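Let me begin by presenting the structure, written as structure tokens, before commenting on it.
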Amino acid sequence: VEIQNLKLSNMNQVLNLKGYISKDTGKLLSFMIDNVDIGNINRITEPKGYEFGGILSGSGRVANIYDIPVFTANVNIKDLTINQEELGKLNLSSKWENQIKAFVVSGTNKYVEMKGIYLTEQDSIDASIMLKNLKLDIFDKYLNAYEISGLKGDANGTVMISGSIKQPKIDGVVNLKQTEFVYDYLKLKALTEDKVYIGNDRFYFNNFKVVDENGNIGTINGGIYHDNFKNFRFGLLANLNDFKVMNTTLIDNKLFYGTVYASGGLTVEGTPGNFSIYAGATTEAGSKFVLPMEDTYHAKNTNFITFA
């Protein structure tokens, strides 16, 4: 199929195509993109917790569309935003190295630097992503589905990616800076400046220090596990010292509420939709736990329960 100067436009957004769609790897399709609003994809991404903004421009060539497409491109996204967090300009480039049948890809931004190579015949990835004070706020909407909100802070570190497209292997360390979040179910607020270790099938914690809003300290060990970023599950052990673990009112939870300070061990196991908390902890001074008893209860042969 030959395309001769096909132009698609909407207001000032333009896509130009010229060349061939062919099985012949020597026949190229050239493209030019100008002022395309990437917010057009939000109807797809918003249900997954991500909202994008920015203007995409650039040019490139593509061949072998029917098999493994071969791209050579230089594009940029101006005024990139993710979940309304401003990330500035992102530059992306892709180059085809025919001798080794590989894509060489790079991307730069003031918060992220990525580079890598993909060998198509071996289906092999070798890539790195460097984080430079990446704003964690961009993940807040995604984590809302897991009862976590108010995520703030910065992330630094390097993540290495290897393996294949279908089964990537990931390894790295991310340092959190001035980070805070709230576990909404208990209104537990935690602050941290520590490391998260990333393995092939897990995010794990090694004496990960958290601090409550009163400056009391707890440590977390264990991990959040997954199967290629599906089927997430927890296995976490927290050791707490006079830590504010709950700060709710009747409006937050009609079943139980209050302010609770705890010392001891706390284990969390299960999946985001079905997990259990096992406590080997004691409450500390200042704790107040309320279990409303608004309905009628009956007690038989019991003289040590009194309903007022």
Side-chain angles (χ1 to χ4, degrees), residues 8 10-13 15 33 35-58 69 71 73 75-90 92 94 105 107 109 111-112 114 125 127 129 131 134-155 159 161 163-170 172 174 176 179-190 196 198 200-203 223-236 251-253 268-275:
L8 304 174
N10 179 18
M11 304 293 287
N12 65 335
Q13 302 180 80
L15 171 62
I33 303 169
N35 290 316
V36 173
D37 185 354
I38 65 171
N40 293 325
I41 67 172
N42 284 337
R43 67 185 67 183
I44 300 172
T45 61
E46 279 185 341
K48 299 181 183 297
Y50 290 101
E51 179 184 350
F52 293 92
I55 303 301
L56 174 66
S57 298
F71 282 96
V75 300
N76 66 79
I77 302 175
K78 182 182 177 182
D79 299 327
L80 173 65
T81 63
I82 302 177
N83 291 339
Q84 301 179 355
E85 181 68 31
E86 296 180 1
L87 300 177
K89 185 177 182 180
L90 174 64
L92 297 168
S94 173
V105 180
N109 174 269
Y111 298 117
V112 178
M114 50 189 173
I125 308 169
I129 301 174
L131 308 179
L134 177 68
K135 302 302 179 184
L136 294 173
D137 310 46
I138 65 176
F139 302 109
D140 185 56
K141 281 190 177 181
Y142 175 77
L143 292 174
N144 289 169
Y146 301 102
E147 296 282 348
I148 294 175
S149 67
L151 179 65
K152 298 178 182 179
D154 299 335
V159 178
I161 304 173
S164 65
I165 291 289
K166 291 185 178 180
Q167 291 187 313
K169 297 179 180 179
I170 301 174
V174 175
L176 303 181
T179 298
E180 63 180 69
F181 61 90
V182 176
Y183 177 49
D184 288 327
Y185 189 67
L186 299 177
K187 290 294 186 285
L188 184 162
K189 183 176 182 179
V196 178
I198 302 175
N200 190 40
D201 61 351
R202 67 194 65 190
F203 301 91
I224 301 172
Y225 306 92
H226 60 88
D227 301 319
N228 202 19
F229 296 98
K230 297 179 181 178
N231 305 319
F232 280 89
R233 52 204 180 275
F234 309 118
L236 300 169
I251 297 174
D252 299 315
N253 191 339
V268 182
E269 295 178 344
T271 66
N274 183 20
F275 62 89

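As the structure is a prediction and not an experimental result, all values here were calculated from the model.
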Check the pair Ile38, Leu80 against side-chain contact (heavy atoms from CB on, under 4.5 Å), reporting the backbone distance first and the verdict last.
CA-CA 9 Å; Ile38 65 171; Leu80 173 65; 3.8 Å; yes
Output, in order, the C-alpha distance, side-chain angles, deciding distance and verdict of salt bridge (Lys or Arg N to Asp or Glu O under 4.0 Å) for Arg233 and Asp227.
CA-CA 9 Å; Arg233 52 204 180 275; Asp227 301 319; 3.3 Å; yes
Asp140/Asn83 under side-chain contact (heavy atoms from CB on, under 4.5 Å): CA gap, chis, key distance, verdict
CA-CA 8 Å; Asp140 185 56; Asn83 291 339; over 6 Å; no
Verdict with supporting geometry, Asp252 and Leu186, side-chain contact (heavy atoms from CB on, under 4.5 Å):
CA-CA 8 Å; Asp252 299 315; Leu186 299 177; over 6 Å; no
Show your working on side-chain contact (heavy atoms from CB on, under 4.5 Å) between Ile165 and Ile125 and close with a plain yes or no.
CA-CA 7 Å; Ile165 291 289; Ile125 308 169; 3.8 Å; yes
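Closest of all the heavy-atom pairs between Lys169 and Asn200 is CA-OD1, 2.9 Å. Considering every non-hydrogen atom in both Ala155 and Leu176, the closest pair reads CB-CD2, 4.5 Å. The minimum heavy-atom distance between Glu85 and Ile138, with the atom names listed, is CB-CG2, 3.3 Å. Heavy atoms only, all atoms of each residue included: Val105 and Ser94 are closest at CG2-OG, 4.2 Å. The minimum heavy-atom distance linking Ile161 with Pro168 is given by the pair CG2-CB, 4.2 Å. Annotation for Asn35 and Gln13: closest pair O-CG, 2.9 Å, computed over non-hydrogen atoms.
Judged purely by atom type and a 3.5 angstrom limit, Asn228 uses its side chain to pair as donor or acceptor with the backbone of Lys166. In this structure, the side chain of Asp79 does not engage the main chain of Gly88 through any donor-acceptor pair within 3.5 Å. Remark: side-chain polar atoms of Asp137 are not paired, donor with acceptor, to backbone N or O of Lys152 under 3.5 angstrom.
Here the CD-CD distance, from Glu51 to Glu46, works out to 5.0 Å after rounding to the nearest 0.5 Å. To the nearest 0.5 Å, atoms CG (Leu87) and OG1 (Thr81) are separated by 7.5 Å. Here the CG-CG distance, from Asn40 to Asn10, works out to 8.0 Å after rounding to the nearest 0.5 Å. Taken to the nearest 0.5 Å, the CG atom of Leu236 stands 7.5 Å off from the OH atom of Tyr225. One finds the CZ atom of Phe181 at 10.0 Å from the CG atom of Leu143 (value rounded to the nearest 0.5 Å). For the atom pair Ser149 OG and Lys189 NZ, the distance stands at 10.0 Å (nearest 0.5 Å).
For the side chain to side chain contact (heavy atoms under 4.5 Å, CB included) with Phe203, the qualifying choice from Ile170, Val174, Ile198 is Ile198, the only one to do so.
Shown here is Gln84, whose CD atom has no more than 12 heavy atoms of other residues, nucleotides or ligands within 6.0 Å. Glu86 CD: 12 or fewer foreign heavy atoms inside a 6.0 Å radius.
Applying the salt bridge (charged side-chain N to carboxylate O under 4.0 Å, His left out) rule to Asp154 yields the partners Lys135; only residues at least two apart in sequence or on another chain are considered.
The aromatic rings of Tyr50 and Tyr142 lie parallel to each other, with less than 30° between the two planes, well short of the 60° mark. Using bins of under 30°, 30° to 60° and over 60° for the plane-to-plane angle, the ring pair His226/Phe232 lands in the tilted bin.
Side-chain contact check for Phe139 versus Leu134: some heavy-atom pair is nearer than 4.5 Å. Side-chain contact between Phe52 and Ile82 is present, with at least one heavy-atom pair separated by less than 4.5 Å. At least one side-chain heavy atom of Leu131 sits under 4.5 Å from a side-chain heavy atom of Val112.
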